Each structure stands twice: as C-alpha cells, then as structure tokens.
Amino acid sequence: MSTKPFFVSSPGKVILFGEHSAVYSKPAIAAALDLRAYLLVKPSEDPNIIRLDFPDIGLSHSWNKNDIPWTKIKEYVQAKEGKPQISEELIPEIIDLLSDNLNVPGMLYSVRSTLPIGAGLGSSAAIAVCLASAMSILGGHVAKASVDYDAKSTSKNHEDEEFIDKWSLMGEKCFHGNPSGIDNAVATHGGAVMFQRMKNPAAPSVRTNMRNFPPISLLLTNTKIPRSTAALVAGVSALNTKYSKTSASILDAMEHLANEAYQVMVKPFFGPEETRTLRELTEINHGLLVALGVSHPSLEKIKIIGDSHRIGATKLTGAGGGGCAITLLNENVSKAELDNSLEEFEANGFETYRTSLGGKGVGALYYENVQEDKREEVFSEIAFTKFKDREEIIQALGVQNVSGWKFW
Ligand SMILES: Nc1ncnc2c1ncn2[C@@H]1O[C@H](COP(=O)(O)OP(=O)(O)O)[C@@H](O)[C@H]1O
Ligand SMILES: C[C@@](O)(CCOP(=O)(O)O)CC(=O)O
Ligand SMILES: [Mg+2]
C-alpha cells in the first residue's frame, strides 16, 4: 500500500465496428485513443477524510471515514488470497470496493480528462479504469507497474491488468447498467482488440489482440451534442423487446460485418482493396445503427458533409445520439476536398480531432519515479485541478511527454 501521491491514467477508445451489438454478445472491434483520463491520488490533510474532486464535471464530495459502517460492509466482502473477488451483482462489489479503504488513511481522488465527456469515446471507462487501478494499488492487489512507455508489450503483467479490467467493468456498470465491457477492456489493455462478451454472464469475455492493426487514416468529428450512454443502451433494449425478430436480424448483420472487417484487418497485406472493403463495411454499420435508432440529425449532418465532399466513409461511434462520428478517409482524398469538409464541420459548430489509434493502456506515475526537485509541482493538487485545457494537461502529465510513467 502506498501513501505517497501517485497518478494513474487510461485511454479512451474508438469503436470501429460493433457498438450496441457488443452488448448482445456480438463481436466488436475497437482501438485505444491518444486522449486519456488522469487520476491523482494523494493523502488527505485530515486522515479521516475521503474526498472526490472531479472538476471536469463540477463534482466535489467528501466523506468522514468514521461515518461509514465498515464493519457491517465487511460482512459482505468476499476475498481470495487477500484480493477482493468480482461477482455478477453490482451492489456488493461497490461495497467491497469501498471497504478497500478500511486500511488506508483518508485520500483525495482528483480526476481530469483530455477526453470529451459523453461523446462516444469511452470517457466513462477511462475514469472507471483509473479508479479501479488506483484502488488496486492502494489495496496492494497488483504489483508495481514497471514497464516503460517504449518497452515491448511482451513483458506485460497480464494478471494485474485482468484484475483492473474486471473491476473497472463494475465502474462501467455504475455508469450505464449493462456495458459490454469493450470500453474498459481497451482502456485497460490499450492497443486494438476484437472483443466478444459471452452470453453466459459468468463466463469471461473473449479478447483477441490485433497486433498488426492496419494504419487506418481516421478523422474524428464531435457533434458536441451531449447524450448519455445509459439512455441509448436502454433505447436499444426497448426496441429489442418490441421488435425482437427485426432487431435480432439487425444485430446478426452487425455480427457478420464485424467478422468480415476482422478478416480484412488481420490480413498480412493491407492495401487499397482492403481499405475499400473497410469503408464499405463502415457505411453498412452506420446504416444498421440508424436502424437501431441511435443516430442523431447532427451525426447525419457530419455524414452528409463528408459524403458530399467524398472524403471517405462515415459512421457514428460509441453509443450515438450525438457525440462523435468517425470517417475512414479515402486514400486519394485531395487536400482541397478535406479542407472544404473541415471548414463546413467548423461552421456547424463541430470539432474535429486528428488522432492516432492503438496506444498504451492503463499506466501509473509513482512519486519516486519523478525527479526529486519536480515532485512538488507534478503532484500538486492545485496545479492539477487548474489546468485550463487538454493541451495543458498533456504537456504537464501526458504519458508520451513525461518520463517516469510505468505500465503493467
Ligand atoms: N473527466 C471526468 N470527470 C468526472 N466524471 C467523468 C469524466 N469523464 C467521464 N465521466 C463520467 O462518465 C459519464 C459519461 O459517460 P458515458 O455516458 O458513458 O459517455 P462516454 O463514455 O462516451 O464519454 C459522465 O456523465 C461522468 O459520470
Ligand atoms: C453502446 C456501447 O457499445 C458503447 C458505448 O460507448 P460510449 O460510452 O458511448 O463511449 C455500449 C457498450 O458496449 O457497453
Ligand atoms: Mg461510456
């Protein structure tokens, strides 16, 4: 257990194929984004106080440890070899997770994110993974992260990542009830995956790493229309109940197209024919998501602008209903066509990101891995909560900029 301050960080994701159908045990393909959440954990000045400080969403809350009925809670906690065990039900897990704090002094948990919130890029999962990894560090349930940013992933400690992945799913359950688990899997492990939740909820999901993820040229456009994943997932569930056969056919079609996309993406040679197939599948996937009722006029607008300038294939990504769309760019798209689209996106109030996919998963920045004369500044709560924008956070803490970040 560490009582020195530390940071953890985990990435958002882009779902290329299979959002929503992933909830119904269909395969889906997603990759880590270079936008991330950061969580600072620091001992409280008053050791009896547990404090959450989430300035991005204007939330600050404190508990006095002595007001929490720890002894009663502990009766519900199941542990194996000292590690809290995950079960299917949510409530006991939350209690279990909280009870990990029994043996630690009061802590401050402060979160900042470079991810747009509620935009389909998995900001909720990035937060859930940060919290799960911080609790795992505090509870002594994982080994110290020790793999450098540039090191090859072969030396990864899979057991610890699996533990964090499983517990972060509990966090995603708090956010939207019935998550597939794909977002927290990518936020934990990074890279790119083909993911499939099993029909039996007790069975672990299947995750196939896609090591040779093809170099897809991708544009990410945010409508900035806020929406909640929980409401959209519930909407699809209602459609499934009302039109079960029709909806089952749509979900089956999504399964086939994710499988076809996977076959194309793992080919040793990824040329123009393969990128064209991916664009065609992207178009079909968007159409199926529209049929499930999760698009939005602003997402259709992005699609119309992209299509009219012929820049590539556009689909919504994540839960939809607003949030982001992705465009798989044509290889021969002209600069003029692209600039015209970008101008129109901006004129409509949309924000465009150029991103790279397949980056690092969860990582930690420990006190002792920061140069002694810089520690006070790096772990300053005041500085952390006051960063003005994404660029300031990335400059001061970015896993790719700041030496000392370690991965499992
Ligand atoms: N930076 C943040 N600080 C605090 N909470 C956050 C932050 N980012 C995301 N969240 C939580 O995640 C929720 C959004 O999750 P969700 O609706 O699944 O959208 P998405 O995961 O696509 O961004 C927010 O309402 C909030 O509860
Ligand atoms: C709609 C869904 O497939 C993805 C949701 O992603 P996001 O919260 O919109 O980033 C739900 C899930 O897989 O848990
Ligand atoms: Mg989410």
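Remember, it's 1-based here, ligands and their atoms both numbered in the order they're listed. As a basis for the values below, the full set of heavy atoms in this structure was taken, side chains included, without hydrogen atoms, waters or symmetry mates. Quick caveat: nothing in here was measured; it's all calculated off a predicted structure.
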Q: Within the structure, is a non-hydrogen atom of R227 found at a distance of less than 4.0 Å from ligand 2?
A: yes
Q: Check for me whether H176 has a heavy atom closer than 4.0 Å to any atom of ligand 2.
A: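 H176 counts as a contact of ligand 2 under the 4.0 Å cut-off.
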Q: So which heavy atom in the protein is nearest atom 19 (O) of ligand 1, and how far is it from that ligand atom?
A: G118 CA, 3.3 Å
Q: Quick one: look at L121 and ligand 1, take heavy-atom pairs under 4.0 Å, and tell me if it's side chain, backbone, both or neither.
A: backbone
Q: Any donor-acceptor pair under 3.5 Å linking the side-chain atoms of H309 with those of E337?
A: no
Q: Regarding ligand 1, does G120 bring an N or O atom to under 3.5 Å of one of the ligand's N or O atoms?
A: yes
Q: Do S9 and R36 get their side chains close enough for a donor-acceptor pair, meaning under 3.5 Å?
A: yes
Q: What do you reckon, does T229 have a nitrogen or oxygen under 3.5 Å from a nitrogen or oxygen of ligand 1?
A: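 Between T229 and ligand 1 (N or O atoms, distance only) the closest approach is under 3.5 Å.
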Q: Return yes when R227 approaches ligand 1 closer than 4.0 angstrom through a heavy atom, no otherwise.
A: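 Heavy atoms of R227 do come under 4.0 Å of ligand 1.
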Q: Give a yes or no on whether the backbone of T385 and the side-chain of R112 come within a donor-acceptor separation of less than 3.5 Å.
A: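 Judged by distance alone, yes, a pair lies under 3.5 Å.
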Q: For atom 3 (N) of ligand 1, what is the closest protein heavy atom, and at what distance to 0.1 Å?
A: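 Nearest neighbour among protein heavy atoms for atom 3 (N) of ligand 1, to 0.1 Å: V111 CG1, 3.8 Å.
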Q: Below 3.5 Å, N or O to N or O, backbone or side chain included: is there any such pair between S123 and ligand 1?
A: yes
Q: Mind checking whether the Mg ion (ligand 3) has an N, O or S of T229 under 2.8 Å?
A: no
